[in-house]
Amino acid sequence: MNDLVLQTDRLTKRYGRILAVDRLSLEVPRGHVFGLLGPNGSGKTTTMGMLLGLVRPTSGSLSLLGSGTRHAEALHRVGAIVESPSFYPYLSGRANLTYFQGISGGGSRREVDDLLERVGLADRADDRFGAYSLGMKQRLGLAYTLLGDPELLLLDEPTNGMDPAGMAEIRDLIRSLGTDGRTVLLSSHLLYEVEQVCDSVAILSYGKLIAQGAVADLLRLEEQVRLRTSNDAKAVEILAGLEWVEEVETRDDGLIVTVAHERSSELTASLSKSKVYVTEITPLQLSLEQYFLDVTGEKGARAE
């Protein structure tokens, strides 16, 4: 069985002079929650549209679930939410799901009941959709994507517009969906959402792929450590002269040094050669936000 459920090869979409997606090559492994991360306007929604057959690529190719050219067939094994889910406001949550279940080929009442239970709507299943809170509407949308037990879920900004409590609940639910061989592709501009939910991530900026890989691996590429030394001023001078040290910052609680992960252990030895001794060294966790700003070069910007 192919371990990749989604692949794109130099996928490109141009609208006149605007290059919305620029030669995007993605590899999404099976059984992961995979984040497509980037600020608004980075090409995430256009990419989702091409994957779902809603937007025709200008060039390049894509494959869902090993489909190759049989893209339409593969879409029957995909569940998706793009923008806000649309349901009938005067029907109950249960009636809406039952209706769409029938359109997609039918199924059992047990499936609808089980999905409502899974997304936490069993107690409100017979209430009108129009009376639901935004969080409840998003939950019903997730239940809809699970009709027919799809192998791949494509979720475009599933927590958009929600309050913090509702966002946390939806994140927990999404995290649980990337199990049992199912894969979730989550598009988001929220760095902390992707960091908390996703196993792997692709970072987009102005339609281009900037970085891709497991979140844990990306954050290990660089490491920040806090140093206290016998002579901080001299330590700064020495470390700034080492080509493999990315950055040295002086703070009240010591020096913050950014260095490649595999070379962080060399800091002490390099300083001691000049009779500067490390009295304390503490690894610091690099956040996805810091990594994003580093790789996109948007030091003064935030993706949120």
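Because only heavy atoms are used, hydrogens play no part in the values below, and waters and symmetry mates are left out as well, while side chains stay in.
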Looking at [X] and [Y], what are the two nearest heavy atoms and their distance?
{"X": "S188", "Y": "V194", "result": "CB-CG2, 3.9 Å"}
{"X": "L26", "Y": "A202", "result": "CD2-CB, 3.5 Å"}
{"X": "S187", "Y": "D156", "result": "OG-OD1, 3.0 Å"}
{"X": "S92", "Y": "A125", "result": "CB-O, 3.5 Å"}
{"X": "E117", "Y": "A122", "result": "OE1-CB, 3.3 Å"}
{"X": "T229", "Y": "A235", "result": "OG1-CB, 3.9 Å"}

- More than 12 heavy atoms from other groups under 6.0 Å of CD on E237: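 It does not: E237 CD has 12 such atoms or fewer within range.
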- Item | Other residues, nucleotides, ligands: >12 heavy atoms within 6.0 Å of I18 CD1 |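 At most 12 heavy atoms, drawn from other residues, nucleotides or ligands, come within 6.0 Å of this atom.
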- Message: What verdict does the side chain to side chain contact (heavy atoms under 4.5 Å, CB included) test give for L227 and L271, after you've listed the backbone C-alpha separation in whole Å, the side-chain angles of each residue and the deciding distance to 0.1 Å?
- Response: CA-CA 11 Å; L227 295 181; L271 291 172; 4.1 Å; yes
- Message: For a side chain to side chain contact (heavy atoms under 4.5 Å, CB included) check, start with the C-alpha distance between L155 and L142, then their side-chain angles and the critical distance, and finish with the verdict.
- Response: CA-CA 9 Å; L155 309 178; L142 288 174; 3.8 Å; yes
Sub-4.5 Å side-chain heavy-atom contact between [X] and [Y]:
{"X": "I170", "Y": "R139", "result": "yes"}
{"X": "D199", "Y": "R175", "result": "yes"}
{"X": "S108", "Y": "E111", "result": "yes"}
{"X": "H32", "Y": "V28", "result": "no"}
{"X": "V21", "Y": "T12", "result": "no"}
{"X": "L152", "Y": "R77", "result": "no"}
{"X": "V112", "Y": "R94", "result": "yes"}
{"X": "L185", "Y": "V5", "result": "no"}

- Item | Full working for side chain to side chain contact (heavy atoms under 4.5 Å, CB included) between Q212 and S25 | CA-CA 10 Å; Q212 179 177 197; S25 294; over 6 Å; no
- Query: Using the ring of each side chain (for Trp, its six-membered ring), is F100 parallel, tilted or perpendicular to Y144, with breaks at 30° and 60°?
  - Reply: perpendicular
If you group Ile, Leu, Val, Met, Phe, Trp and Tyr by side-chain heavy-atom gaps below 4.5 Å, do [X] and [Y] land in one group?
{"X": "L146", "Y": "Y132", "answer": "yes"}
{"X": "M136", "Y": "L116", "answer": "yes"}
{"X": "V55", "Y": "L19", "answer": "no"}
{"X": "Y277", "Y": "V248", "answer": "no"}
{"X": "L54", "Y": "L154", "answer": "yes"}

- Task: Kindly say whether the aromatic ring centers of F87 and Y99 come within a distance under 6.0 Å.
- Result: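 F87 vs Y99: aromatic centres not under 6.0 Å.
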- Answer yes when D22 and R14 have at least one side-chain N-carboxylate O distance shorter than 4.0 Å, and no when they do not.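 So D22 does not pair with R14 through a salt bridge.
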- Message: Before you tell me yes or no, could you show the steps for V78 and L65 under side chain to side chain contact (heavy atoms under 4.5 Å, CB included), namely the whole-Å CA-CA distance, both residues' side-chain angles and the distance that decides it to 0.1 Å?
- Response: CA-CA 9 Å; V78 177; L65 303 166; 4.1 Å; yes
- Query: With no hydrogens and no angle check, is any side-chain donor or acceptor of K13 less than 3.5 Å from a backbone partner on R56?
  - Reply: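 It does hold such a pair.
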- Query: Donor-acceptor pair, K44 side chain versus G38 backbone, under 3.5 Å?
  - Reply: yes
- Note on the structure: Value for OG1 (T46) from CG (L11), rounded to nearest 0.5 Å, stands at 10.0 Å
